[in-house]
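Below, chain A is the first sequence line, B the second, and so on; all start at residue 1. Below, each value reflects all heavy atoms present in this structure, side chains not excepted, and no hydrogens, waters or symmetry copies.
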Amino acid sequence: MKFSVMISEGPYTHQASDTAYNFTKAALENGHECFRVFFYHDGVNNGTRLATPPTDDRNIVNRWSELAEAHKLDMVLCVAAAQRRGIADADEARRNGKDADNIAPGFRISGLGQLIEAGIQSDRLVTFGD
Amino acid sequence: MSTKKFLYVNRKAPYGTIYALESLEVVLIGAAFEQDVSLAFLDDGVYQLAKGQSTEEVGMKNFSPTYRALGDYDVNKIYVEQESLDARGLTLDDLQPLTYEDEDDDWAEKDSIKVVSTAEMAEIMEQSDVVMSF
């Protein structure tokens with residue numbers, strides 16, 4: 001089955017990102033295809049490489065980056081949501097006159113159309129949020 | 001591109017969290033994809049359509065007028081759950097009217113909002129291909 005995932009909450013405060021990660025990993029390991037993982041609302045906070053969780057806990061951001069690399073996952077942060085919350089890649093930082101970017105490896109920033117397209121192209125769009 | 005039945009489910013109050021505003025942004029962007037779009041409002045989500053919203057005192061953007069533009073985007077199937085209205089002491093009269101011009105009926109202006117029961121809402125969800133809950 002071809003599925004896509006939407007994640008609506010940030011890391012650590014909510015379990016949504018953990019559950020989405022476990023779901024996506026299990027589905028991929030069982031031979032399913034993931035068209036896209038789309039991060040919306042506070043979910044975009046899963047994509048900052050500046051996160052520094054305590055070393056005795058899981059690193060949610062790195063975990064996503066590693067999963068993306070292993071499976072060539074397309075992980076998209078919504079641009080409008082990212083701008084509101086201070087998540088930027090080099091292009092976004094330059095365009096908005098910021099002095100730094102913070103996007104983590106494996107993530108890219110794009111528009112909400114990518115979410116709609118995921119809904120159209122996938123057999124299932126699975127939402128992880130509150 | 002194929003056409004699917006999209007249903008956007010709105011469950012939260014318009015202010016206090018950002019879900020309602022960012023849901024509306026998805027609906028407006030999604031309208032460009034020419035899909036079969038419906039909106040559902042239930043639980044505190046029914047407050048999103050309340051008329052006479054004023055946000056001056058809380059310093060937030062009042063985005064409620066944007067709902068009135070949905071008809072121009074061919075988003076005209078807006079379902080509001082009766083039980084959610086009842087539980088909050090609201091009636092259809094407490095909501096801002098949302099209308100669209102029906103091109104199949106000489107562009108007559110028609111109401112977009114339809115109040116439905118929980119059972120009918122379940123049926124609408126069942127018949128949708130893509131359900132996004134906000």
Nearest non-hydrogen partners of [X] and [Y], listed with the distance:
X: B/F6; Y: A/I116; result: CZ-O, 3.7 Å
X: A/L125; Y: B/M132; result: CD2-CE, 3.6 Å
X: B/K4; Y: A/I120; result: NZ-O, 3.0 Å
X: A/Y40; Y: B/E22; result: OH-O, 2.5 Å
X: A/A80; Y: B/E25; result: CB-OE1, 4.2 Å
X: B/V131; Y: A/T127; result: O-OG1, 4.3 Å

Handout entry: B/E120, CD atom: more than 12 neighbouring heavy atoms under 6.0 Å
Key = yes

Exercise for the section: Decide if atom NZ of A/K98 counts as having more than 12 heavy atoms of other residues, nucleotides or ligands within a radius under 6.0 Å. Expected result: no

Problem - Most chain B-contacting option - heavy-atom pairs closer than 4.5 Å, from A/C78, A/G119, A/A81 - result: A/G119

Do [X] and [Y] share a hydrophobic cluster (ILVMFWY, side-chain heavy atoms under 4.5 Å, transitive)?
X: B/L92; Y: B/I78; result: yes
X: B/V9; Y: A/I7; result: no
X: B/M60; Y: B/L24; result: yes
X: B/Y15; Y: B/V27; result: yes
X: A/F107; Y: A/V37; result: yes

Exercise for the section: Assess whether side-chain contact (heavy atoms from CB on, under 4.5 Å) is satisfied between A/R85 and B/I18, documenting all intermediate values. Expected result: CA-CA 12 Å; A/R85 294 162 178 87; B/I18 201 170; 3.4 Å; yes

Problem - Heavy-atom contact with chain B under 4.5 Å, split by part of A/R84 - result: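 When you check distances to chain B, only side chain atoms of A/R84 fall under 4.5 Å.
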
